[in-house]
Amino acid sequence: MSVPKIVILGAGYGGLMTAKGLAKELKSNEAEITLVNQNSYHYVTTELHKPAAGTSHHDHARLSIPSVINTKRINFIQDRVTAIKLEEKEVQLESNEPLKYDYLVVGLGSAPETFGIKGLMENAFFIRNIASVRAIREHMEYMFARYALEKKEELITIVVGGAGFTGIEYVGELVDRMPELCREYDIPLEKVRIVNVEAAPTVLPGFDKELVEYAVKYLESKGVEFLISTPIEECTEEGVILKGGQEIKAATVVWTGGVRGNKLVEESGIETMRGRVKVDENLRAPGYDNVFIIGDSSLVFNEDERPYPPTAQISTQQGQYLGKNLAVKLRGGEMKPFKYMPKGTVASLGRKEAIGVVGNKKLMGGSAAFMKKLIDLRWFYLLGGLSLVLRKGKL
Ligand code: FAD
Ligand code: NAD
């Protein structure tokens, strides 16, 4: 007898939690579970700013997918999804035959939002995946090596475009990394320029004012220059051009100006806003009872009809929800509505500093940094229990 086929696209926060939850809930005679991911490993996106700056090795930010799933219950396919064909109930892959599904879970993450800014795609770097952060680190180090020979200031000027959480966390890592890098290449630390450019009138728009001031003061004390109310309008091979025409010459430009949903979701024909799908209370795509969108490609609204920001936190909760509730649906039950429970936000400013709000408590400095580490360890715990925490976690 054939059993329903569940296909999960993407082994990120949402996809992995869904796969693990379903494998736990459903017996093999109840459903066939397939997980597709382009790499053999899961990358820990929330850690990627570290290898991008060179403060940790990229292997700390990835782990083998088969090592964290039950491969007896989950059929893992390493391949790149090239198209989602909703009418045919089929997913097309780069190297394998198309996959038929009865239920589809899309957790393909996000893509950089460039707002059509000229030259960004061609000339800037992005903190996206293992390959992209390795490229940033190696490029930056090569520029430092060249400076030692050529003494051109732009070689040791780094522009970070966007001072949201990704931008600020990355700048925090750069601050930690610079003393070592300068020693390595015989460069006086004070010669290095790290410029964080933000279009909004403040760094971390919308976040607690006192915590933002703390972060800015700390990072400025380490030499970071902030340019606020200053949109980047173009990125060239030489650097960036700001609104008003001012140019900053920089050999390394890292764009952290925001994200949009994965383009495969847009291309499937589902209605999207900046590539993200406004899902229903069961995380389904409008008009499709059997298609669920989770993580950065989904849009969930709060009681004030404002969208929750795309985070690992909400993606994880969506995956946990679907792992339980899709199993209930398969057994003929009613799915409960998804309810997001925000636990707070903590952002690192390098290894020893951070800012955050947890519940209604504000944290800054060492206590926030400790909390951030606990949050990061929790993800390893959810994936592989205490043994994975001990193997991968660093306090
Ligand atoms: P992802 O985790 O992005 O995973 C998507 C998966 O799909 C990947 O494995 C990818 O390889 C795969 N994939 C994509 N396209 C294809 C394809 N065509 N074929 C096959 N596979 C494909 N959020 C927080 O809550 N807390 C934080 O501290 C935090 N820190 C962050 C730090 C940084 C530097 C960044 C960049 C983001 C951070 N975020 C944080 C945001 C968070 O990482 C994302 O919201 C989260 O990763 C989204 O999870 P997801 O499940 O949607 O997708
Ligand atoms: P974001 O959208 O949160 O921030 C992008 C920033 O870039 C904004 O401040 C925006 O004003 C600015 N910007 C846009 N266009 C610009 C331009 N032309 N010139 C200069 N600045 C410009 O994006 P992000 O920081 O990549 O974060 C993506 C998601 O990941 C968010 O939901 C965020 O909350 C989440 N995240 C969370 C954490 C954490 O919890 N520690 C860390 C990183 C990311």
Side-chain angles (χ1 to χ4, degrees), residues 8-18 35-39 41-52 61-62 65 77-84 91 93-94 106-115 117 120 126-130 132-133 159-170 173 196-207 227-235 240 242-243 255-264 293-298 307-316 318-319 342-348 354-356 372 375-376 379:
I8 303 160
L9 307 181
Y13 292 81
L16 272 181
M17 278 297 107
T18 307
L35 174 65
V36 184
N37 196 68
Q38 60 195 349
N39 308 112
Y41 55 82
H42 158 77
Y43 49 76
V44 187
T45 318
T46 59
E47 296 266 318
L48 286 177
H49 50 298
K50 297 176 187 173
R62 65 172 161 184
I65 292 166
I77 300 179
Q78 184 195 337
D79 204 346
R80 200 169 71 81
V81 179
T82 52
I84 300 168
V91 174
L93 304 175
E94 195 170 62
V106 184
L108 291 170
S110 62
E113 174 61 279
T114 60
F115 305 103
I117 294 170
L120 262 186
F126 303 91
I127 301 178
R128 285 192 69 185
N129 51 41
I130 295 291
S132 82
V133 299
V159 167
V160 179
F165 284 110
T166 305
I168 287 292
E169 287 200 322
Y170 180 52
E173 295 302 316
N196 194 180
V197 185
E198 170 56 51
T202 168
V203 161
L204 297 175
F207 200 53
L227 286 179
I228 55 165
S229 302
T230 313
I232 289 176
E233 288 198 333
E234 192 179 337
C235 184
V240 291
L242 310 175
K243 190 173 179 191
W255 178 248
T256 59
V259 295
R260 56 184 293 117
N262 189 299
K263 78 170 180 350
L264 290 174
I293 317 278
I294 56 174
D296 282 0
S297 289
S298 71
Y308 286 114
T311 62
Q313 192 182 160
I314 191 167
S315 308
T316 304
Q318 289 175 324
K343 303 238 165 31
T345 302
V346 184
S348 63
I355 49 168
K372 176 77 175 118
I375 295 168
D376 293 342
W379 176 237

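For ligands, and for the atoms within them, numbers begin at 1 and follow the listed sequence.
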Measure [X] to ligand 2 on non-hydrogen atoms and call it side chain, backbone, both or neither using the 4.0 Å cut-off.
{"X": "Thr46", "value": "neither"}
{"X": "Pro309", "value": "both"}
{"X": "Glu169", "value": "side chain"}

At a 4.0 Å cut-off, with the gap strictly under it, does some heavy atom of Gly161 reach an atom of ligand 2?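 For ligand 2, residue contact (heavy atoms, under 4.0 Å) with Gly161 is absent.
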Between [X] and [Y] (side chain of the first, backbone of the second, donor and acceptor by atom type, cut-off under 3.5 Å), is there such a pair?
{"X": "Thr256", "Y": "Gly161", "answer": "yes"}
{"X": "Thr230", "Y": "Val197", "answer": "no"}
{"X": "Asn37", "Y": "Gly10", "answer": "no"}
{"X": "Glu198", "Y": "Ala163", "answer": "yes"}
{"X": "Thr202", "Y": "Pro205", "answer": "no"}
{"X": "Asn39", "Y": "Gln78", "answer": "no"}
{"X": "His42", "Y": "Ala11", "answer": "yes"}

Only heavy atoms count here, so choose which of [options] is nearest to [atom].
{"atom": "atom 3 (O) of ligand 1", "options": "Gly109, Gly10, Gly261", "value": "Gly109"}
{"atom": "atom 17 (C) of ligand 2", "options": "Trp255, Tyr170, Phe115", "value": "Trp255"}
{"atom": "atom 35 (C) of ligand 1", "options": "Thr45, Val133, Ile84, Ile314", "value": "Thr45"}
{"atom": "atom 3 (O) of ligand 2", "options": "Pro112, Gly164, Ser110", "value": "Gly164"}
{"atom": "atom 18 (N) of ligand 1", "options": "Asp296, Val81, Ile65, Ile8", "value": "Val81"}
{"atom": "atom 22 (C) of ligand 2", "options": "Ala199, Ala163, Ala312", "value": "Ala199"}
{"atom": "atom 14 (C) of ligand 1", "options": "Thr316, Leu108, Asp376", "value": "Leu108"}
{"atom": "atom 4 (O) of ligand 1", "options": "Pro112, Gly12, Ser297", "value": "Gly12"}

Using a strict 4.0 Å cut-off to heavy atoms of [X], name the atoms of ligand 2 that fall inside it.
{"X": "Ile117", "value": "18 (N)"}
{"X": "Pro231", "value": "19 (N)"}
{"X": "Pro205", "value": "9 (O)"}
{"X": "Val346", "value": "39 (C), 40 (O), 41 (N)"}
{"X": "Gly257", "value": "5 (C), 7 (O), 14 (C)"}
{"X": "Thr345", "value": "40 (O)"}
{"X": "Val197", "value": "20 (C), 21 (N)"}

With backbone taken as N, CA, C and O and side chain as the heavy atoms from C-beta onward, which portion of [X] lies under 4.0 Å from ligand 1: side chain, backbone, both, or neither?
{"X": "Ala11", "value": "backbone"}
{"X": "Glu169", "value": "side chain"}
{"X": "His42", "value": "neither"}
{"X": "Tyr43", "value": "side chain"}
{"X": "Thr345", "value": "neither"}
{"X": "Leu264", "value": "side chain"}
{"X": "Asn39", "value": "side chain"}

Protein heavy-atom partner closest to [atom] - residue, atom, separation in Å:
{"atom": "atom 34 (O) of ligand 2", "value": "Phe165 CD1, 3.6 Å"}
{"atom": "atom 15 (N) of ligand 1", "value": "Asn262 ND2, 3.5 Å"}
{"atom": "atom 29 (C) of ligand 2", "value": "Pro310 O, 3.3 Å"}
{"atom": "atom 9 (O) of ligand 1", "value": "Asn37 OD1, 2.8 Å"}
{"atom": "atom 13 (N) of ligand 1", "value": "Gln38 NE2, 3.5 Å"}
{"atom": "atom 2 (O) of ligand 2", "value": "Gly258 CA, 3.6 Å"}
{"atom": "atom 39 (N) of ligand 1", "value": "Thr46 CG2, 4.0 Å"}
{"atom": "atom 12 (C) of ligand 2", "value": "Glu198 OE1, 3.3 Å"}
{"atom": "atom 49 (O) of ligand 1", "value": "Ser315 OG, 3.4 Å"}
{"atom": "atom 18 (N) of ligand 2", "value": "Ile232 O, 3.1 Å"}

Can you spot which of Leu264, Leu93, Val81, Ile294 makes a side-chain contact (heavy atoms from CB on, under 4.5 Å) with Leu9?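 Single side-chain contact (heavy atoms from CB on, under 4.5 Å) partner of Leu9 among Leu264, Leu93, Val81, Ile294: Val81.
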Where [X] and [Y] come nearest, the two heavy atoms and their spacing:
{"X": "Tyr13", "Y": "Val44", "answer": "OH-CG1, 3.4 Å"}
{"X": "Leu108", "Y": "Asn262", "answer": "O-ND2, 3.1 Å"}
{"X": "Ile117", "Y": "Ile232", "answer": "CD1-O, 3.5 Å"}
{"X": "Trp255", "Y": "Thr114", "answer": "NE1-CA, 4.1 Å"}
{"X": "Glu169", "Y": "Ser348", "answer": "OE2-N, 2.8 Å"}
{"X": "Glu47", "Y": "Ala61", "answer": "CB-CB, 4.0 Å"}

Just verifying a value: how many Å separate Ile355 CD1 and Lys372 NZ, rounded to the nearest 0.5 Å?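 With rounding to 0.5 Å, CD1 (Ile355) is 11.5 Å from NZ (Lys372).
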Please report whether ligand 1 has a polar contact with [X], defined as an N or O pair separated by less than 3.5 Å (distance criterion only).
{"X": "Gln313", "value": "yes"}
{"X": "Gly14", "value": "yes"}
{"X": "Tyr13", "value": "yes"}
{"X": "Ala312", "value": "yes"}

Among side-chain atoms of Ser298 and Gln318, is any donor-acceptor pair under 3.5 angstrom?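 Their side chains do contain a donor-acceptor pair, which is all the 3.5 Å distance test asks for.
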Flag Thr166 as yes when one of its N or O atoms lies below 3.5 Å from any N or O atom of ligand 2, and as no otherwise.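 Between Thr166 and ligand 2, an N or O pair is found under 3.5 Å apart.
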Please state whether Lys372 comes within less than 4.0 angstrom of ligand 1, counting heavy atoms only.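 Flag set, Lys372 near ligand 1.
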Contact with ligand 1 for Asp79, non-hydrogen, under 4.0 angstrom: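 Heavy atoms of Asp79 do come under 4.0 Å of ligand 1.
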Would you call the rings of Phe207 and Phe165 parallel, tilted or perpendicular, where under 30° means parallel and over 60° means perpendicular?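 The arrangement is perpendicular - the two ring planes meet at more than 60°.
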